[in-house]
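This report refers to the structure that appears directly beneath it.
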There are 2 protein chains.
Amino acid sequence: MRRGYARGARCRSPVRPGHWEVRARVERFVEPALLLLLRERPMHGYELIERIPEVAGEDVRVDVGNLYRILRALEEEGIVSSEWSADLPGPAKRTYELTEAGSRLLDRWAEALREAQRVVAGFLRRYEQGGR
Amino acid sequence: MRRGYARGARCRSPVRPGHWEVRARVERFVEPALLLLLRERPMHGYELIERIPEVAGEDVRVDVGNLYRILRALEEEGIVSSEWSADLPGPAKRTYELTEAGSRLLDRWAEALREAQRVVAGFLRRYEQGGR
DNA sequence: GTCTTACATATGTCTTTTACACTTAGAGGT
DNA sequence: ACCTCTAAGTGTAAAAGACATATGTAAGAC
C-alpha cells in the first residue's frame, strides 16, 4: 500500500465548507439527567422532558422519541419503575420512579462525570499553556 | 394508544443484567485531542495514536482505523495538511500539520469544552445537594 | 358540534459516531 | 526464510443520536 487514499470520507456535517459544528457534549448525558431528576421526586415522561434542560444544559434538545425508549430500557434493567396514573387528570400518564439500583447507577455516573471533568480540565490546561 | 409497550427495546450493553457500563466521555473527543497535539508540533498518525491518551485520558482506546479516517476528513476540510515524509527512516509516514483554520477550530473546541465543564459542574452540584 | 391546540406516549427510520476485525507493506532481527 | 514492530489503511457492524410521524385525551375557540 502506498500513496493516496480512497473514497468513503467520513462525513462531519460541515455547515458551510470549513465550518464544522463543534458541540462538546457528554455521551448519553440524558441518562444521568433522568436519574438525577427522578431521585428528587417521581414524575412522568413529559415532565422529565421539560425539566431536562435544567440539569443537562439549556441548549440540549432532547429527542422525545428516544427519551421514551431510554425510559423503557431503564425500566427493563430495573433502574426505574413505572405505572400508569389513572388518577391524574388529562391524558394517560406513566409515572416513573427511581429504584435502589437506579440510585446506585446515578452514583456511578456522578463518579464517571467527575473523572471526565478531570480529563477535560487537563486538556484545557494544556491548551492554555500553548497560548495563541 | 393505551397500556403496554412493544418490541424494539433500545440496547444499552449491560455487561451483566443490571450492570450498565458507565463511561461519561465527551463526544468526538479525539478530534480536539488531535488538534491540540498537532498545534504543539507536526507529527505522523502513529505518533498521534500513542500520544492521544496524554490529552484525552489514559483509559481511552482510540480506534486506529477511525483515527486515520478522521485525519483524512480533517485534511479534506483544510483543518490539517499532510505529506509523505520519504526522509524519515522506517515505513512510509504521512506527517500531519495544523493549518490556521485548524488552530481556529481548536479554539472553538476549547470554548465548547469550557461550556461542557460548566454544565457538568452544575449537574454535580445538584447531585451533591440531594445527598445519599 | 367540529376544529384547533396542548398534553402525553409512542413507533419508524435514517445518519452519525464508535467498535471490532482485518489487510498491506517496509525495516530489522534471528 | 521467518517473525515482529512500525505505519497506514479498508470493511463492516453496532451503538447513539436526529428527524418525522402516529395515536389518543382534554380543554377552549368558533
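Any value given below was found using the heavy atoms of this structure, including those in side chains, with hydrogens, waters and symmetry copies removed. In what follows, chains carry the letters A, B, and so on, assigned in the order in which the sequence lines appear, proteins first and then strands, with residues in each chain numbered from 1.
In this structure, the CD1 atom of Ile70(A) is 10 Å from the P atom of dA18(D), given to the nearest Å. Counting to the nearest Å, the C1' atom of dT18(C) and the CD1 atom of Ile52(B) are 14 Å from each other. Put simply, CD1 on Ile49(B) is 8 Å from C1' on dA7(D), counting in whole angstrom units. Between the NZ atom of Lys93(A) and the C1' atom of dT25(D) there is a distance of 9 Å, given to the nearest Å. If you measure from atom CG of Leu67(A) to atom C1' of dC19(D), you get 16 Å, rounded to the nearest angstrom. We find that CZ of Arg72(B) is positioned 18 Å from P of dA7(D), with the value rounded to whole Å. Regarding Leu71(A), its CG atom lies at a distance of 12 Å from the C1' atom of dA8(C), rounded to whole Å.
No donor-acceptor contact under 3.5 angstrom links the side chains of Ser81(B) and Thr99(B), judged on distance only.
Using a 4.5 Å heavy-atom cutoff, the side chains of Leu124(B) and Gln117(A) are in contact. Between Arg108(B) and Arg104(B), the closest side-chain pair of non-hydrogen atoms is not below 4.5 Å. Between Arg69(A) and Leu74(A) the shortest side-chain heavy-atom distance does not fall below 4.5 Å. Between Val64(B) and Tyr46(B) there is no side-chain heavy-atom pair separated by less than 4.5 Å.
The closest donor-acceptor contact from the side chain of Glu97(B) to the backbone of Ser82(B) lies at 3.5 Å or more, if one exists at all.
The side chain of Tyr46(B) approaches dA7(D) more closely than any other nucleotide in the set dG9(D), dT25(D), dA7(D). Side-chain proximity of Trp84(B) to dT10(D), dG9(D), dA7(D): nearest is dG9(D). Closest to the His44(B) side chain, of the nucleotides dG9(D), dT6(D), dA8(D), is dA8(D).
Using a 4.0 Å cut-off, some side-chain N or O of Arg28(B) falls inside it from OP1 or OP2 of dT17(C). OP1 or OP2 of dT9(C) has at least one side-chain nitrogen or oxygen of Tyr68(A) nearer than 4.0 Å.
For the pairing with Trp84(B), the side-chain contact (heavy atoms from CB on, under 4.5 Å) check across Arg94(B), Lys93(B), His44(B) returns one residue only, Arg94(B).
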Output a table of nitrogen or oxygen pairs between the protein and nucleotides 19-21 of chain C separated by less than 3.5 Å.
| residue | atom | partner | partner atom | Å |
| --- | --- | --- | --- | --- |
| dA19(C) | OP1 | Arg25(B) | NH1 | 2.8 |
| dA19(C) | OP1 | Arg25(B) | NH2 | 3.3 |
| dA19(C) | N7 | Asn66(B) | ND2 | 2.6 |
| dA19(C) | N6 | Asn66(B) | OD1 | 3.1 |
| dA19(C) | N6 | Arg69(B) | NH2 | 3.3 |
| dC20(C) | OP2 | Arg61(B) | NH2 | 3.2 |
| dC20(C) | N4 | Asp63(B) | OD1 | 3.4 |
| dC20(C) | N4 | Asp63(B) | OD2 | 3.1 |

